[in-house]
> 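Okay, handing you the structure first.
In what follows, every chain begins at residue 1, and chains take the letters A, B, ... in the order their sequences are listed. Keep in mind that the numbers below use all heavy atoms, side chains included, and drop hydrogens, waters and symmetry copies.
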Amino acid sequence: MLKRIFSLTRVLIKTNIGAAIAKQTVGKRKIFTILLLVFAYGYLIFIAGAFSYGAITTLMVVNQHSAFISLICLINIVSSLFETFITSSNVLYLSKDNDYLLPLPFMPFEIVASKINTLLTFSYFSEVFFGLIPLIVYGYLTKASLLFYIFVIVVLIVIPFVPVFLATLVIMIVMLFVNMSKHKSLFQTIGIIMVMVTTMSISIFMSNNASSQQDLLIVLNKVNGLAQSLYPYFPTLKFASEALINTSFVSLFLLILISAVSYVVMILVSNKIYFKGVVGSSSTGSYSKKKVDKKDFVKGSLVVRYVAKEFKCLIRKPVYFTQCVLPSLMLPAIMAFTFSQVAGGIDKLANDSSQITIFDIGGQVTFSVLVLISIFMSMYTYISITAVSRDGGGALFMKYIPIPFYQQLIYKCVPDILLTFIPNCIMFVFVSILLKFPILPVVLALVIFAIFAIGRSFFGIIIDCKNPKHNFTSEYQVVKSNPSIFYDIAYNFVLLIPSVLSLIFLSDLPLMVVFLINFLIHGALSFGLYKYIENKDFELAQKIY
Amino acid sequence: MIEIKNVSKSYTKGKKSVDSLNLTINNGEIFGFLGPNGAGKTTTIKMITGILDADEGEILIDGYDIDKQSMEAKRQFGFVPDNPDIFLSLKAIEYLNFLCDIYDVVERENKIVSLTKKFEIYDVLNNKLESFSHGMRQKIVLIGALLHNPNNWILDEPMTGLDPKSSFDLKEMMKEHADEGKTVFFSTHVLEVAEKMCDRIGIISKGKLLFVGTVEEAREQFAKEGSLEKVFLEITENA
């Protein structure tokens, strides 16, 4: 029985995560993708390590460093809770594998256990950044013994059990009452938006309150107080914290006991209620009775219809909407808000910026900073990089209709270009009016950003064509388990370089010269990428069949 | 008319999935393309429709080379792929309108209404494709392929998932289309359909075309007293 659960878990994890790299059989590209992943994860590990180092050394000054342990335990519990809220509806209910698994001779609880193990595994991936790295840094700075590290491993293994159980239970209960076939899109969208808003609110709270070491200390103390107030509701939080702070065997034992019991209860409860919800999830519901009328048959422009089709496919799929569209809409809003709050209010910032603009007479610094921020902000828009993959098997359609392939690729880039440019443009105009920036550098920065957005979009679709991900068990994987996204991020990083160099070396040159240099770099790149799509569409189409 | 001249395709070096295929499907003909799983049927169809490029040879659709004059060639056929899961977020009417714009279909309302009524899905046109069953999606894709009234129908397993009435209607439409002097090329595993419908059949196995001719000719050549099933097994097993 355990062997079957283990075997099924392995298959589910592989289909959810591992297939992304394993599918790339070409040697050089596979190595490059692995290197890119190492770079990206290395970067995240660096961020986690640097934050931990800063927080621990700050707390050590006032001998409060053990509060860091409670903070990390709390972060990991919250992260597991949120991650499971996002992923569980996909893994448990919306995944295509349900159709194949249900008829197989598995005991119901074997399927349930395997699915829950998969959710736990997702949490372990996050724990590397939120738990393992910070605690290693903690152990290093506090010169902890080997026993501490053993405790860290055990605690990190068992700590997601309760939050995963709670989040899964909530989702399963909701699914019992929700008509999945009718409302699954709405359900998914609301759930993911709620989680994103909460997560971003926390990050705003953190950034607003932690602009100096003193503030950081206050925030950490607040969070520690919050963690302690949650002890009665999350006993594992208390035992995990105590086990690590005091290397207490009793606390560790109690933590393991509670987690083990919760795991068993989780399997038993899930076994009772999971299948009632899952059976309806793949079936079709009743149809809308709304009839078509004359206006539904109007001839339209092909370009408009094609782009509209792209927008509809993007927005109507909750996973694509929340993962590809929503960040591009929310981040500029959050950025504008954070921008004004971090420096102590809009009035102060306006005052500061007017001083900057007095110093930055030609506007070169304003221009370069705006270009830099806009490029950085567009890092989270994953529309072009998934444009072909999102079509799944339907991507074949592109190849048998009488529209040139390169033309279709350009049409597919339009949503990415618009959704990268427009929200950032609104944000810049808003912030510029608020902070009384001179118009010219703002307009010129937006011109460069528009050219950048076009080039980035072309680059994304080229990468997606070269490595399309058509076979996925749930749409969630197209973004979540798609290594191509790292190419996109790398592109942004590389194109940050001209702006950084402009800021460092060219701030003495006139604004128009700095603009022209940036224009030539971004323009040449975007034009080159366009020509590549136009001339190499035959090669780009090769992987789609 | 579809002409396939000495076409080969390999996915991996040294192993041809389609090997030196020569085939002409004449106007006014219903041609059934048969073969076991993995024989090369879908690969051939993908090459005819321009989804895959042939390594060697040429394919002409009404005289247009699918490789060199691809846009003109693609306007000459309507294609139904083996998987009807296309743009499932779109409503059925949006999908059909999109195709009308691609192919510049005139009198789209009449065509959409008559075809969807024929296949009994007119009432659900305002619903998203993702809410449809496999058979209903198949019908929509099929209607989409017929909207621009192409000379050549290329259908990969078109009967899969269709209910008996729709299947019957499609077969009748295929006959009418051929009677108008146009071409129907379809792959199928249902040998009875091929036997009843096709003017000629082609049997492919391991990438090689083993037989082309009428069902009667196949019987004469292979199993004299047997069903098409027997003929099919004899041809493919001896390949």
> Run the side-chain contact (heavy atoms from CB on, under 4.5 Å) test on B:N126 and A:K291 for me, step by step, so that the C-alpha distance in whole Å, both residues' side-chain angles and the decisive distance to 0.1 Å come before the verdict.
CA-CA 6 Å; B:N126 241 325; A:K291 291 270 163 58; 5.8 Å; no

> More than 12 heavy atoms of other residues, nucleotides or ligands under 6.0 Å from OH of B:Y64: yes or no?
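Incorrect, the count does not exceed 12.
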
> Which atoms of A:Y320 come close to chain B, meaning under 4.5 Å heavy atom to heavy atom: side chain ones, backbone ones, both, or neither?
neither

> Under a 4.5 Å cutoff for heavy-atom pairs, which residue among A:A541, A:S301, A:G394 has the most contacts with chain B?
A:G394

> What part of A:L314 gets within 4.5 angstrom of chain B, counting heavy atoms only: side chain, backbone, both, or neither?
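No part of A:L314 comes within 4.5 Å of chain B.
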
> If you tally heavy-atom pairs under 4.5 Å against chain B, which of A:R390, A:R305, A:M398 wins?
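Ranked by heavy-atom pairs under 4.5 Å with chain B, first place is A:R305.
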
> Could you tell me which of B:D123, B:I102, B:D85 has the largest number of non-hydrogen atom pairs under 4.5 Å with chain A?
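The option with the most such pairs is B:I102.
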
> Quick check: do B:S70 and A:F405 have side-chain heavy atoms less than 4.5 Å from each other?
no

> Quick one: do A:K294 and B:E109 make a salt bridge, cutoff under 4.0 Å?
yes

> Do the non-hydrogen side-chain atoms of B:K46 and A:K399 ever get within less than 4.5 Å of each other?
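Answer no - side chains too far apart.
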
> Can any side-chain N or O of B:K74 pair as donor or acceptor with the backbone N or O of A:P402 at less than 3.5 Å?
no

> Find out whether B:L99 and A:F397 are in side-chain contact, i.e. whether some heavy atom of one side chain is under 4.5 Å from a heavy atom of the other.
yes

> Surrounding OH of A:Y545 (heavy atoms of other residues, nucleotides or ligands, distance under 6.0 Å), is the total greater than 12?
no

> Out of curiosity, B:I51 CD1 to A:Y400 OH, how far, rounded to the nearest 0.5 Å?
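Between B:I51 CD1 and A:Y400 OH, I get 6.5 Å after rounding to 0.5 Å.
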
> Once you round to the nearest 0.5 Å, how far does CG of B:D82 lie from CG of A:L396?
8.5 Å

> About how many Å separate CD1 of A:I401 and OH of B:Y103, when rounded to the nearest 0.5 Å?
6.5 Å

> Does A:K309 count as lying over the ring of B:F87, i.e. NZ or CZ under 6.0 Å from the six-ring centre, within 45 degrees of the axis?
yes

> Could you tell me which portion of B:I112 (side chain, backbone, both or neither) has an atom closer than 4.5 angstrom to a non-hydrogen atom of chain A?
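Side chain only.
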
> If you tally heavy-atom pairs under 4.5 Å against chain B, which of A:V292, A:I315, A:L302 wins?
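Greatest number of close heavy-atom pairs with chain B: A:V292.
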
> Flag the one option from A:D391, A:I403, A:I544 with the top tally of heavy-atom pairs under 4.5 Å to chain B.
A:I403

> Can you tell me how far apart CZ (A:F297) and CD (B:E107) are? Round to the nearest 0.5 Å.
13.0 Å

> Would you give the length of the straight line joining atom CD of A:Q542 to atom CG of B:L52, rounded to the nearest 0.5 angstrom?
8.5 Å

> Side chain, backbone, both or neither: which part of B:M47 has a non-hydrogen atom closer than 4.5 Å to chain A?
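Looking at B:M47, nothing touches chain A.
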
> Compare every heavy atom of B:S89 with every heavy atom of A:K312, then report the nearest pair and how far apart it is.
O-CB, 4.2 Å

> Measuring from atom CG of B:L88 to atom SG of A:C313, what distance do you get when rounded to the nearest 0.5 angstrom?
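Answer for the CG-SG pair, B:L88 versus A:C313, is 8.5 Å.
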
> What residue in B:I86, B:T43, B:N83, B:N97 has the most heavy-atom pairs under 4.5 Å with chain A?
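Between B:I86, B:T43, B:N83, B:N97, the count favours B:N97.
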
> Around atom CZ of B:F168, are there more than 12 heavy atoms of other residues, nucleotides or ligands at under 6.0 Å?
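Open: at most 12 neighbouring heavy atoms sit under 6.0 Å from CZ of B:F168.
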
> Taking C-beta and beyond as the side chain, do B:D104 and A:K299 meet within less than 4.5 Å on heavy atoms?
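Side chain of B:D104 against side chain of A:K299, heavy atoms only: contact under 4.5 Å found.
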
> Report, as yes or no, whether the 6.0 Å neighbourhood of atom NZ on A:K536 holds more than 12 heavy atoms from other residues, nucleotides or ligands.
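At most 12 heavy atoms, drawn from other residues, nucleotides or ligands, come within 6.0 Å of this atom.
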
> What option among B:I154, B:I93, B:L125, B:V124 has the most heavy-atom pairs under 4.5 Å with chain A?
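The residue among B:I154, B:I93, B:L125, B:V124 with the greatest pair count is B:I93.
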
